[in-house]
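Heads up, the thing below is written out as structure tokens.
Every chain is numbered from 1, with letters handed out A, B, ... down the list of sequences. Just so it is clear, the model here is predicted, and its values are computed rather than measured.
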2 protein chains.
Amino acid sequence: LTRTVVSRASAIVVGSELLSGKVAEANVHALAKMLRALGIRLEEVLVLPDDTERVAAAVRAHSDAHDVVFTSGGVGPTHDDVTLEAVGLAFGVPVHRDPELVRLLTSAYPDRLEQASRMALVPMGAVLHSTEDIRWPTVVMRNVWVLPGVPEIFRMKLDVVRRFLVGPRPIFSREVYTRLDEVDVKDLLDAVVRQHPSVEVGSYPKWFDPSYKTKVTLDSADEAALEAACEALLAGLPAGEPQRVG
Amino acid sequence: LTRTVVSRASAIVVGSELLSGKVAEANVHALAKMLRALGIRLEEVLVLPDDTERVAAAVRAHSDAHDVVFTSGGVGPTHDDVTLEAVGLAFGVPVHRDPELVRLLTSAYPDRLEQASRMALVPMGAVLHSTEDIRWPTVVMRNVWVLPGVPEIFRMKLDVVRRFLVGPRPIFSREVYTRLDEVDVKDLLDAVVRQHPSVEVGSYPKWFDPSYKTKVTLDSADEAALEAACEALLAGLPAGEPQRVG
């Protein structure tokens with residue numbers, strides 16, 4: 001199986017319960033970490049309520065703007081599960097009952113097929129991906145992967161994503177922890193940023209933590225440039241710093 | 001102090017570290033819960049990288065589409081802290097050093113004022129809100145509240161938001177937990193949704209939990225309608241259910 005190479009991803013999280021504060025969002029971080037490990041850049045995340053038209057408009061816009069889009073949530077059997085209809089609407093196609101999904105539902109819910117039937121709906125033209133371990137297929141419509149909202153199931157589905165997609169090249173990362181305040185490393189960071197333009201430098205203050213005050217991150221697809229930037233950063237820190245390098 | 005009444009909110013979370021999976025987002029849930037308690041509807045959340053132009057475009061669009069916008073992150077002293085410049089750019093105004101913030105920074109960083117100076121930048125025309133407890137002011141530009149990304153500080157700032165904003169009316173909520181599968185409550189939910197149009201009904205499956213399989217939520221600004229919908233739901237459940245009502 002050859003994996004498709006994609007560079008730029010986005011995520012659309014569908015769930016009124018997240019916006020009303022009833023449930024804390026629990027899938028984006030796992031998705032972001034996996035994409036990072038694959039060398040795929042997650043460019044934005046949008047959280048929307050269970051509103052078919054708004055989700056459809058966002059799916060269409062994200063599908064045009066990114067190589068691949070992941071949706072999370074809104075794929076169950078009840079009235080508030082609108083994602084698959086929204087994906088169909090985004091691309092101007094109706095949803096229909098997929099025969100393979102109907103077969104799986106019939107064996108799972110032999111006497112309640114009517115009530116379960118929304119779970120068989122997929123946009124016309126969608127592809128179903130499954131792996132040996134994960135029998136319930138994952139719906140992919142053009143470049144849009146439709147993933148479930150239940151965190152345990154979402155994580156299982158990431159294994160399917162990993163089987164089919166990969167980034168153009170790995171991204172390398174280093175982390176440097178110091179007890180210096182951000183204000184005290186600012187001039188050094190500015191110099192590293194200026195001298196190593198292919199390296200992305202981040203600076204994150206930590207409050208109320210005795211072990212460090214600032215974490216500096218360095219990221220690049222160019223491993224030699226990354227090491228040079230990291231060395232320049234370490235050489236510029238005063239004696240006794242850094243506290244830790246990762 | 002009279003609080004401003006706002007109905008519809010959005011949030012823009014600024015942080016490349018969230019999209020690269022290095023850090024898990026930790027502010028949206030607290031914001032969502034607080035807005036819910038105030039009766040303000042959080043309509044969408046967007047997570048963007050530290051990119052001035054993209055943040056500016058989103059701030060402008062969200063400011064037009066919602067009554068109030070909250071940003072989280074990107075307000076420190078280093079090169080990757082772009083939010084205040086982006087908010088200025090969104091409204092076509094430059095940033096300048098606010099005299100009050102310069103005074104506070106001078107006392108906090110007497111010998112490193114130059115390095116700290118980005119923290120004094122605010123868009124021209126912005127208002128600074130502070131409370132007795134929280135001396136560092138919160139920048140508000142038109143309907144955009146600029147909040148910090150550090151979770152402990154973000155939570156402190158929510159007290160400032162609460163002091164100045166309130167929703168048009170409270171939103172009432174009930175929760176019903178059942179061991180029935182979503183498929184088995186679907187017909188009942190459809191009936192409740194149809195008969196109680198002013199009540200928003202959500203259905204959330206729980207996997208791998210022995211105490212319940214489906215949580216049903218009911219929300220409305222009309223408390224009597226909410227209670228009627230909740231009674232209809234409870235009356236429709238079989239003997240032995242619900243497991244719990246909240």
Side-chain angles (χ1 to χ4, degrees), chain A residues 13 16-25 28-37 41-50 54 76-81 109 112 115-116 118 150 152-153 171 173 175 181-187 189-190 193 200-208 217 219, chain B residues 13 16-25 28-37 41-50 54 76-81 109 112 115-116 118 150 152-153 171 173 175 181-187 189-190 193 200-208 217 219:
Chain A
V13 180
S16 296
E17 74 278 18
L18 307 170
L19 295 168
S20 63
K22 290 179 184 173
V23 175
E25 202 288 319
V28 166
H29 187 51
L31 176 67
K33 280 194 292 186
M34 186 205 69
L35 292 175
R36 181 64 167 201
R41 179 181 283 264
L42 180 60
E43 299 191 309
E44 65 181 306
V45 175
L46 179 61
V47 185
L48 290 177
D50 309 322
R54 290 184 61 194
T78 56
H79 64 283
D80 56 348
D81 293 310
Y109 301 99
R112 295 163 297 173
Q115 287 76 17
R118 279 181 79 81
V150 176
E152 294 87 345
I153 316 299
I171 299 165
S173 298
E175 294 180 347
D181 193 285
E182 271 198 309
V183 163
D184 295 313
V185 289
K186 179 193 159 44
D187 291 342
L189 292 182
D190 286 345
V193 167
E200 196 180 322
V201 180
S203 168
Y204 306 103
K206 182 80 173 182
W207 290 53
F208 315 120
T217 64
D219 295 281
Chain B
V13 181
S16 296
E17 73 279 17
L18 307 170
L19 296 168
S20 63
K22 290 179 185 173
V23 175
E25 201 290 318
V28 166
H29 187 53
L31 176 68
K33 280 194 293 189
M34 186 205 69
L35 292 175
R36 180 63 164 202
R41 179 181 285 264
L42 180 60
E43 299 192 308
E44 65 181 306
V45 176
L46 179 61
V47 185
L48 290 177
D50 309 322
R54 292 184 61 194
T78 56
H79 65 285
D80 57 347
D81 293 310
Y109 300 100
R112 294 164 298 172
Q115 286 77 19
R118 279 182 77 82
V150 175
E152 294 87 346
I153 316 297
I171 299 166
S173 299
E175 294 181 347
D181 192 285
E182 271 198 309
V183 163
D184 296 312
V185 291
K186 179 193 158 45
D187 291 342
L189 292 183
D190 286 344
V193 167
E200 195 180 325
V201 180
S203 168
Y204 306 103
K206 182 81 174 181
W207 291 53
F208 315 119
T217 64
D219 295 281

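Checked against side chain to side chain contact (heavy atoms under 4.5 Å, CB included), A:Glu44 has the following partners two or more places apart in sequence or in another chain: A:Ser10, A:His62, A:His66, B:Leu46, B:Leu48, B:Arg54.
With a 4.5 angstrom heavy-atom cutoff, B:Ile153 touches chain A only via side-chain atoms. For A:Glu200, the part lying near chain B is the side chain, with the backbone staying farther off; criterion is any non-hydrogen pair under 4.5 Å. Heavy-atom distances place both the backbone and the side chain of A:Glu182 under 4.5 Å from chain B. Neither the backbone nor the side chain of A:Arg41 comes within contact range of chain B, judged by heavy atoms closer than 4.5 Å. With a 4.5 angstrom heavy-atom cutoff, A:Val185 does not touch chain B via any of its atoms.
With hydrogens and angles disregarded, a donor-acceptor distance shorter than 3.5 Å links the side chain of A:Asp80 to the backbone of B:Ser203.
Put simply, of A:Lys206, A:Lys33, A:Arg36, A:Met34, the one with the most heavy-atom pairs under 4.5 Å next to chain B is A:Arg36. Between chain B and the residues A:Ala116, A:Ser20, A:Pro49, the largest count of heavy-atom pairs under 4.5 Å involves A:Ser20. Between chain A and the residues B:Pro77, B:Ser173, B:Ala30, the most heavy-atom pairs under 4.5 angstrom are made by B:Pro77. Among the candidates A:Asp184, A:Asp190, A:Val193, the residue making the largest number of heavy-atom pairs closer than 4.5 Å to chain B is A:Asp184.
Listed here is the closest heavy atom pair of A:Leu19 and B:Glu43: CD1-O, 3.6 Å.
Side chains of B:Glu17 and A:Thr217 form no contact here, defined as non-hydrogen atoms less than 4.5 Å apart.
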Inset, instruction - Check step by step if side-chain contact (heavy atoms from CB on, under 4.5 Å) holds for A:Asp187 and B:Gln115. - result: CA-CA 7 Å; A:Asp187 291 342; B:Gln115 286 77 19; 2.6 Å; yes
Inset, instruction - Give the C-alpha distance, both sets of side-chain angles, the deciding distance and a yes or no for side-chain contact (heavy atoms from CB on, under 4.5 Å) between A:Lys186 and B:Arg118. - result: CA-CA 10 Å; A:Lys186 179 193 159 44; B:Arg118 279 182 77 82; 4.0 Å; yes
Inset, instruction - Given side-chain contact (heavy atoms from CB on, under 4.5 Å), test A:Val28 with B:Glu25 step by step and report yes or no. - result: CA-CA 9 Å; A:Val28 166; B:Glu25 201 290 318; over 6 Å; no
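The structure places CZ of A:Arg112 at 6.0 Å from CG of B:Asp181, a figure rounded to the nearest 0.5 Å.
With B:Val47 as the fixed residue, the side-chain contact (heavy atoms from CB on, under 4.5 Å) test singles out one of A:Leu42, A:Val45, A:Val13: A:Val45.
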